Structure formats: C-alpha cells, structure tokens
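All heavy atoms count here, side chains included; hydrogens, waters and symmetry mates do not. As the structure is a prediction and not an experimental result, all values here were calculated from the model. Letters go in sequence order (proteins before strands), and every chain restarts at 1.
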Amino acid sequence: MASAAESLERRDFIRAIVAEDLKAGTHDGRVVTRFPPEPNGFLHVGHAKALGLSFGIAEEVPGARCHLRFDDTNPETEDEAYVEAIKRDVAWLGYDWGEHLYFASDYFPKMYEFAEHLVREGNAYVDSQTEDEIREGRGTVTEPGRPSPFRDRTVEENLDLLRRMRAGEFSDGAHVLRGKIDMASPNMLLRDPVLYRIRHASHYRTGDEWCIYPLYDYAHPIEDALECVTHSLCTVEFEINRALYDWVVENIPVECRPRQYEFARGNLDYTVMSKRMLLTLVKERYVRGWDDPRMPTVAGLRRRGFTPESIRAFWERMGVAKTQSRVDMGKLEFAIRDDLNAKAPRVLCVLRPVRVLITNYPDGGSEEIEAASWPHDVPREGSRRLPFSGEIFIDDDDFREDPPADWKRLAPGRAVRLRHGHVIRCDEVVRDDAGAIRELRCSYAPDSISSEPPSGWEVGGAIHWVDAEGSLSCEVRLYDRLFTVPAPDVEAAESGRDFTDFLNPDSLVVVENARIEPSVADDPPGSRYQFERLGYFISDEEDSAPGRLVFNRTVTLRDTWSKRGGSAAGERRRARQPERGPDLSAEEHRRLRQAAAPERPPELESRRRRFESELGLDAEDAELLTRDAATADFFAAAVGAGAPPARTANWLINELPRHAGDRALGELPFGGHAFGALMALVEDGTLSGAIGREVLAEMAESGAEPGAIVDRRGLRQIADASSLEPVIDRVVAANQNKAAEYRAGRTALLGFFMGQVMKETGGKASPELARRLLEERLGRSADR
RNA sequence: UCCCCGGUCGUCUAAUGGCAGGACGGAGGACUUUGGAUCCUCUAAUGGUGGUUCGAAUCCACCCCGGGGAACCA
C-alpha cells in the first residue's frame, strides 16, 4: 500500500489527495476513478484533460483502475453512434478501460429501487405541481423557497404514486419525485431537487422499458457508489452539486462511499468547447463534420494529424488546478511539434510552384539524389531518392525580386542551395504578357551537392524544391484557427452576437496544385511528414486514394523569421480591466461598519469600556472581544488566571479562531483559564510565539494543560546566545555559498537561514534572538 | 442581490509560514544544407488595503475582479 502511494507523484492537488488517501488507507487502499461521458456528442480536447487525470491516476497507481461509463440518463439526446465514437477516441488516446465499460442505463432498476427506499425513509416525495409551479416555489437566490403542497404526503401515498409513475399511468410532467431536503437552503440544488421525471421516450439502450428517468444529480452518485468509485473527478461547475451528491450517497443503502473532487476544465484559445456550439458547427455545416480538422474534437485533432502522445503530453505540461483558464494555442502547437520532430520523416513539397529552368544543366539530363529522411540531429536511419533535372519548381514564397536586407532565399543575382541538391543562382526573370512571373532562369554550380560552391557564389540559405517532371501533383489543406477571437463564447455573450459571427473565414485554405516528391506515392493514408520548411502534414484518411494525394497541415514550423505578435489573450484581459477609483482602506471600511452597527447591550458596552480602561486594551480589540458574552467571559477568565491582557487579546483574535475551526468557544476542550496559562508561558519567554501556537494546536485537539504539553514535549525555547551561537555557526558554515550571496546583497536569504536554524533546533530557537545573531554573523564579511 | 469557488510572469503552473521556481511565449546570441531542431543568456508575476508574525503568495479582516448557482440538461 505504501508503495502505491509512493508511485503517485504529487503533480497536482488531485493527485495529492489521492496520495494522502492511499497513505491513510481511506478507501481500504483502493483507487477507482471513472470517466463518465454522456453519449450526445464527440469528445474534445477538454475531455482529453479529464481523461488524462482519471485514467492517468489509474495508470500511475498499482492496482487502481478507471471505468469508462456512459452517463446515458437522458433518452432524448443520446445515441449509440456517439458511444462508438467516444470509445474509439478514448482508445486512440491510449487509455484502457479493460473490463470496466459501464452504462448508467444498466442501473435503472437499482436507481428505482433506491427511489422507493428514499420514499420509505421519508426522504423523497411525489410532487404533482406543474413544472412552472415547482420553479416558482423554489424561491430565488435571495429568498427561500416555499414547501410544495404535496410535500407532506404519506409514505404510502408516495409509494403508490411512484409505482404508478413507473407503470406508465401518468403523462409526461404529471408528477415528479423530489428529494425532501431543505426548501430554505442557500444552495438552490438542495431545495427539494427533482430526482425522477416522467418521460415517455425511447431510450437507445433500454427502449421503452422505462417511462421515468433519473436526473443527473440523483443518478451520478449512485453510479459511482455502485461501481465503488473512490475519487469521482469532475469540473468545477459541479462544485455546488457536491452537497447533493453527498446527500444521495448518505441516504441510500450502498457499501461504498465515493468522494467528488472538482478541477478546472480545459479551455483553449480561439475555439469553442461547448457541446451545444460544437453541435451547431456540425449541424449548420460550418465545418465538414465532427472530425473536421479545424474542430477541437479528438476526432478532428486526429484527422488534423495530432498524435495521442502529443495531446497527453500537452495536458501533462498544463497541470491541473482550480483556477479558470484559457490555454494558448501555442502550447498545443509546441506539444505536437515537439513530438513530430522525432517522428515525421522529412519530404519536399512545393505549395505554389514557380518554374525554374537551369540553363547550364546538360540538355535532357537528369540525376537522382540520395536524401536523408531525417536531419542530422534526429538519430534515425532512412533516405529516399529525389529526381533532379534541368527543370524544377520552387515555392513562390522563396523568390523575391526586391528582397529585404536579411533575405536568405532566391533573388535576382543571388544564390541559394536547393535542399539536398546543388547551388543555383538566379540570372533572369521571365514574365508573361500580363507581367506575372512565368519562369526563373538560373545557373547551377556543378558538383555542389555535398560540397561548398566555388567562390563568388554567396549562398544565403537553403530552399525546398521538386523536380518538374518527377514530382506528383497533390492537394494540400492549410488550416488555421477556427475563430478570429480568443474567446468566441464570451465575445458573443458580451456583444449579443452569435458565436458563429466570429468564425475565421480563412480557417481552411485549399491548395489544389501543390507538387510533392514522388517518394510518398505509395505510403498509406494517415502517414505523417514534415514538409521541410513548411510544417507537419498528414495524408488525409478520408479523401486520399491511390493516385490522389491529399494532405492536411497539422501545424506550421516555428517561424522566427515572420514572427507574429504577443499573446492576444493577455491583451484582451488587460483591456477588460475596468477603470475604477481607489479602494477604501480596510480601516475606513471598519469605521463605516461600526457606524452602521446597532448599539450593543449595556452590559457588554460597560465591559468594553472596562477592558479598555482597566486592562489597557486598544479600542479595536476591546470592541472585538465584547461582541458577545462568551468571548468576553473567555477573555476575562484568561486574564483572571494571570495572563497578560494585550497578548491574550491578540491571540484570542488572531490565533485562536484558526485552531478552533468551526467550533464555538464553548465547544473547545479547554477554557479561558488554560488559555491564560499558555499566554503566561509565552509572555515570560518560556515559549516562543511559534511554539506557543503549536501548543495551542495540541490544546485544541486534546484539551491538555499547556504546562503538561510543554513538559512532555520539552518545548522550552532556546533564548540564550551561548546555546544558539554554535547552531548559527554550523548553519552558516554549511551554507557558505548562500552566505556569500547574502553578503553580496541577496538579503532575502535570511529567511532561508532562519528556516535552517529552526530546523536544527526543532523550532525551539527564539526567533528574535536567532534573527539578531544571524544578521550579526552574516553581516560580517567572510572570515577565513 | 444571496450562496459557493477562484485570483502568482503575456499564458499554464510550482512554492502546505522560511531562496517566488519551471514550462510555453518573447528578446538576444551560438550552431545549422530546414529562417526547423538543439544549446546558452535575458525578459517578466503574488489583485488592493490593513492586521498577525522574527519572517506572509501562504494565516485573519475588509474591498476589488473573475467563474458557477434559481432545467423535469449533464
């Protein structure tokens, strides 16, 4: 068991929780997670994050597992086709659910049985109000709800009604089953949530067997409990649902006690992730389908050429936290380039061909060039042959008649190396009648393939090319971001426009007449390449066919030449910061509140004055301590036991609440007297503040006397220089480099040294003294 | 408006009262038969105001900002 806990790296707060549960043996040392998609759409990259968490943890902990469970409780939107698509995507990402494939719909009988149980226990009732009446009765965020007139039906009546609901005696909406919780709860979900509704609809798996269907908040915890899931991980918007989740699990007869934890969902720049919007894009034909390479779906990414490894690595680098975030596209692009650099063989492809005639090449001559498929820094073997003759194509982009100063490509009178081939120089530009470039006339330096050209040929850079005769025609699809703004959903909501208004018209550019080297002719669809200097590409699995080559651009190469600007997301965030005036200080707010506060009872008011005049408390402390009688009594008892008033007030206000947790003063296992004794120990220097806090923590836990705790644990502080100096010397001697840095001006390191001294002394060093000695010792220049 | 959750370099994320660190991006340089890759250097942050503490991103108070919440969706 310990080894299982150790194998889990605490990479994020969820894994930390799992590791701690493992250590504490919380779920008998078991770890079971689950991934619960509803089969009403395709998986997207955001789901890949959730997959990486739930399946990732299962992979990392020996003996753990992750269930793939279809949460199919709504017959109206779900479909078998989505089940298959989701299974395919999960498997493609490399996650293995083994035997553990489940369907919520398989639990319908059990869920119904539990519903009767809830009714019998008085925890649920059949409500016969209309949908509108129920909504109305729920109240608002500021007003409590009103109980339904049907709330107090007898168990017998409820049971009878529920059975008849199930038997199909009622029409849709005639009745619902509601949990009987709390109509006044600030959490609206707890105001008697609907558990079951009548819906005479065919379910894709259970057909017409059921005419009542459970709702998410009721079904999900049951699914988890029945499967003995231990850590039910979901996104933060379900945080409020947790209270209801816990209520359900506590009120049904199940063995296992799953816990729900929430993390931030994975959002990406320049796309949308909501199922509704994705469905709109597909249905209204803004894209070619769920697997359109511009879609953020797993299927889209796959067709675009992303690897499962890159997607997993991407989310692993992103981490898991609870802050809402919108990740840079650039990070996803980094992940795929990083992966493909070592996986995609290099080939040459010319997107927009310009004909180049090599005038000094032997007439009708040709040769074959052996070209390595991998650059020098990728340790892989392999090569192919490139045909070369006196007539080739280069890319439009690689020729400029009037180039900028730092141009490294072809221009009149300039020379470039043809990648893997000869060096050529442009002698003449031939135009057609319309003035467009028809061909470039160049000369080449013979025998310059694997050697430097003769002097006089100043080579700027290397460009890609293909042989005019020996190359193949192909179609290349260039993809760009689907939307023109980083957050189309937010933009739409704020501007009142539709999110489709922000679609990027250039998200797909089809290049029909590209030319590619012939070596790729017989590769299977789905082959990935780097088209040198252009990017990573994949042959399209749908549209490629023998004799018809179609490539999708996965991502461009990083381009430090024609670089783009900074992060648009950041600019946007800054732009949205509204103007506002200066904040009121905390002090001003306190005064305002106090002015508005009702008069306190005279008894407390007179104690306040006495605390202030007789005990010398400052006005604010006195006020705080006399807000209620219990606090005032507690304080008085402490002072009565000989405690110093000022320090006691300070600790009562600042330290005690932390250790009390939710407990009221009266519920603590110690009283004002013991607290006063602790204060006396701090006051006379027996304890430092830090140790005092530690003792207080133990008192709050066990109720033991402070003196007893101090004696048993030997906690007296070390406050004499003669005992502390050797420690200081040791610490400084052991960290000579840091000491030098400190002396050089990095005084923040004092905290580091203080920490070391505290560690050495078990926290018992007097901090004031330790700090003074340390400053003294470090302040001196290095002694020899 | 009430309840819940958040707020750390431009972005994502570490730091469980003790050195604000890493990654992406950006800038500069080295190298280069890909303006790729790699390597080096640099850049840049704790929302605000108070408080507690020897010491606060971390604890407390108030404020500000963002997200979620009044489906018979999940």
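In this structure, A/F388 has its ring center under 6.0 Å from that of A/H422. Between A/Y196 and A/Y218, the ring center distance clears the sub-6.0 Å criterion. In this structure, the ring of A/F238 has its center no less than 6.0 angstrom from the ring center of A/F263. Remark: aromatic rings of A/F103 and A/F70 are close, center separation under 6.0 Å.
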With the sugar-phosphate defined as primed atoms, P, OP1 and OP2, and the base as all remaining atoms, what B/S/- string results for nucleotides 69-74 of chain B, 5' to 3', for protein heavy atoms under 4.0 Å? BBSBSB
Could you go through A/Y245 and A/D224, starting from their C-alpha distance and side-chain angles, then the distance that decides it, and tell me whether this counts as side-chain hydrogen bond (donor to acceptor under 3.5 Å, both in side chains)? CA-CA 10 Å; A/Y245 182 100; A/D224 285 344; 2.7 Å; yes
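In this structure, B/rA71 shows a glycosidic angle within 90 degrees of zero, which is the syn conformation.
Under 4.0 angstrom from either OP1 or OP2 of B/rG36 there lies at least one side-chain N or O belonging to A/T560. Residue A/T323 places at least one side-chain N or O closer than 4.0 Å to OP1 or OP2 of B/rU13. OP1 or OP2 of B/rA37 sits under 4.0 Å from a side-chain N or O of A/R558.
If you check the side chains of A/R346 and A/H420, you find no donor sitting under 3.5 Å from an acceptor. For A/T142 and A/T140, the side-chain atoms include at least one donor-acceptor pair closer than 3.5 Å.
Under the 4.5 Å side-chain criterion, counting only non-hydrogen atoms from C-beta, A/S373 is not in contact with A/R380. For the pair A/N74/A/E38, a side-chain contact is recorded, criterion being any heavy-atom separation below 4.5 Å from C-beta on.
Salt-bridge formation is detected for the pair A/R693/A/E655: a Lys NZ or Arg NE/NH1/NH2 atom is positioned less than 4.0 Å from an Asp or Glu carboxylate oxygen.
Minimum atom distance to the side chain of A/S325 is reached by B/rU13, of the listed B/rU13, B/rG36, B/rG10.
Residue-level contact check: A/W407 touches the bases, meaning some heavy atom is under 4.0 Å from a base atom. Residue contacts shown for A/K408 include a base, since a base heavy atom lies under 4.0 Å away. Within 4.0 Å of A/H464, counting heavy atoms only, lies no atom of the nucleic acid at all. Residue A/E239 is in sugar-phosphate contact alone, with no base atom involved, counting any heavy-atom pair closer than 4.0 Å across all strands shown.
In this structure, A/F35 and A/H47 have perpendicular ring planes: the angle between them is above 60°, well past the 30° mark.
In this structure, OH of A/Y245 is placed 23 Å from P of B/rG68, rounded to the nearest angstrom.
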Nucleotides 14-19 of chain B: which of its N/O atoms have a protein N/O under 3.5 Å away?
| unit_1 | atom_1 | unit_2 | atom_2 | d |
| --- | --- | --- | --- | --- |
| B/rA14 | OP1 | A/V320 | O | 3.4 |
| B/rU16 | O4 | A/R10 | NH2 | 2.6 |
| B/rG18 | N3 | A/G751 | O | 3.4 |
| B/rC19 | O2 | A/K738 | NZ | 3.3 |
| B/rC19 | O2 | A/R746 | NH2 | 2.9 |
| B/rC19 | N3 | A/K738 | NZ | 2.0 |
| B/rC19 | N4 | A/K738 | NZ | 2.7 |

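Remark on RNA chain B: of its neighbouring residues A/F334 and A/V327, the 5'-side contact belongs to A/V327, judged by nearest-heavy-atom nucleotide. Positionally, the nearest nucleotide of RNA chain B for A/R317 lies more toward the 5' end than for the other of A/S450 and A/R317.
Although no hydrogens or angles enter the test, the distance criterion places a donor-acceptor pair under 3.5 Å between the side chain of A/S448 and the main chain of A/A445.
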Dot-bracket assigned to RNA chain B with the 3.5 Å Watson-Crick/G-U criterion, [ ] for crossing and | for other-strand pairs, is .((((((..((((....[..))))((((((.......))))))...(((((..]....))))))))))).....
